[in-house]
Amino acid sequence: MMPASGSSRQTLQAIWGAVRAIPRGRVTTYGAVAQRAGLPGRARLVGYALKVAPAKLQLPWHRVVAAGGRIAFPLASPQFAEQQRRLRAEGIKLAKGKVVREPALNLDELLWKTR
DNA sequence: GTTGTGACATTAT
DNA sequence: CATAATGCCACAA
């Protein structure tokens, strides 16, 4: 049996699939994507997977942010600007490099509804 | 083989 | 708020 992990093609595809499933106007985190892809604890691999993802896949990579809603790129980088632009284009509010989110009031709000 | 780096996360200080 | 320590692991050198 092939181990369920490694950096096999299959693993990358699992990650790409999870990212592709993020609905418009919503954001999620690297860790959450990893989990949905069946790779708990491997958030870093998600970052790698996105970096090497073929542009052809048209992945909504901008909907993936770091823990706390923070954009993972350096504040001054062009990538940061691009991600912020794309998120705002979907109606997601940002401030200081983070996705603005109301304080969680209940369990429902605890999931990334962004509003 | 070892080391350093990185689109990360969590916990502790 | 900022660092540091861990855990995680693919990849390049």
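As the structure is a computational prediction, the values presented were derived from the model and not from experiment. Below, chains carry the letters A, B, ... as their sequence lines are ordered, and counting in each starts from 1. Hydrogens, waters and symmetry mates play no part in the numbers below; they use all other heavy atoms, side chains included.
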Find the distance [X]:[atom1] to [N]:[atom2] and express it as a whole number of Å.
X	N	atom1	atom2	value
A:I15	C:dC8	CD1	C1'	12 Å
A:W61	B:dA7	CH2	P	13 Å
A:L39	C:dC9	CG	P	10 Å
A:L75	B:dA7	CG	C1'	15 Å
A:K51	B:dG6	NZ	P	8 Å
A:Q84	B:dA7	CD	P	18 Å
A:Y30	B:dA7	OH	C1'	4 Å

- Minimum-distance pair of heavy atoms, taken over all atoms of A:P60 and A:I22: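 Distance-wise, the nearest heavy atoms are CG-O, 4.5 Å.
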- Task: Could you tell me which non-hydrogen atom of A:T29 sits nearest to which non-hydrogen atom of A:A66, and how far apart they are?
- Result: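 A:T29 and A:A66 have their closest heavy atoms at CG2-O, 3.9 Å.
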- In whole angstrom, give me the gap between the P atoms of B:dA7 and C:dG7.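 About 22 Å, rounded to a whole number of Å.
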- Message: Donor-acceptor check, side chain of A:R88 to backbone of A:L94, threshold 3.5 angstrom: yes or no?
- Response: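 Side chain of A:R88 to backbone of A:L94: a pair is present.
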- Message: Looking at A:Q83 and A:P78, would you say the former's side chain and the latter's main chain have a donor-acceptor pair under 3.5 Å?
- Response: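 No, A:Q83 side chain to A:P78 backbone: no donor-acceptor pair under 3.5 Å.
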- Message: Categorize A:L50 for me: base, sugar-phosphate, or nothing, with a 4.0 angstrom heavy-atom threshold over every strand shown.
- Response: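 Base contact.
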- Task: For A:A37, enumerate each residue passing the side-chain contact (heavy atoms from CB on, under 4.5 Å) test, keeping only those at least two apart in sequence or located in another chain.
- Result: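 Applying side-chain contact (heavy atoms from CB on, under 4.5 Å) to A:A37 gives A:A14, A:I15, A:A18, A:L39.
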- Under the side-chain contact (heavy atoms from CB on, under 4.5 Å) test, residues paired with A:A53 that sit two or more places apart: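 A:A53 satisfies side-chain contact (heavy atoms from CB on, under 4.5 Å) with A:W16, A:L59 once adjacent residues are dropped.
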- Of all pairs that satisfy side chain to side chain donor-acceptor pair (under 3.5 Å), the ones with a partner from residues 63-80 of chain A, not counting sequence neighbours: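 Counting only pairs at least two positions apart or across chains, the side chain to side chain donor-acceptor pair (under 3.5 Å) contacts touching residues 63-80 of chain A are A:R63-A:E90.
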- Would you find more than 12 non-hydrogen atoms of other residues, nucleotides or ligands less than 6.0 Å from A:R20 atom CZ?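 Atom CZ in A:R20 is not crowded, with 12 or fewer foreign heavy atoms closer than 6.0 Å.
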Is there any protein nitrogen or oxygen under 3.5 Å from a nitrogen or oxygen in nucleotides 11-13 of chain C, and what are the pairs?
| from | atom 1 | to | atom 2 | distance (Å) |
| --- | --- | --- | --- | --- |
| C:dC11 | OP1 | A:Y48 | OH | 2.6 |
| C:dC11 | OP2 | A:S7 | OG | 3.2 |

- Message: Does B:dA9 have its OP1 or OP2 closer than 4.0 Å to a side-chain nitrogen or oxygen of A:R42?
- Response: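 The answer is no; no side-chain N or O of A:R42 sits under 4.0 Å from OP1 or OP2.
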- By salt bridge (Lys or Arg N to Asp or Glu O under 4.0 Å) - contacts of A:R85 (at least two apart):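 A:R85 satisfies salt bridge (Lys or Arg N to Asp or Glu O under 4.0 Å) with A:E82 once adjacent residues are dropped.
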Restricting both atoms to N or O, compile the protein contacts to nucleotides 4-6 of chain C shorter than 3.5 Å, with distance only.
none

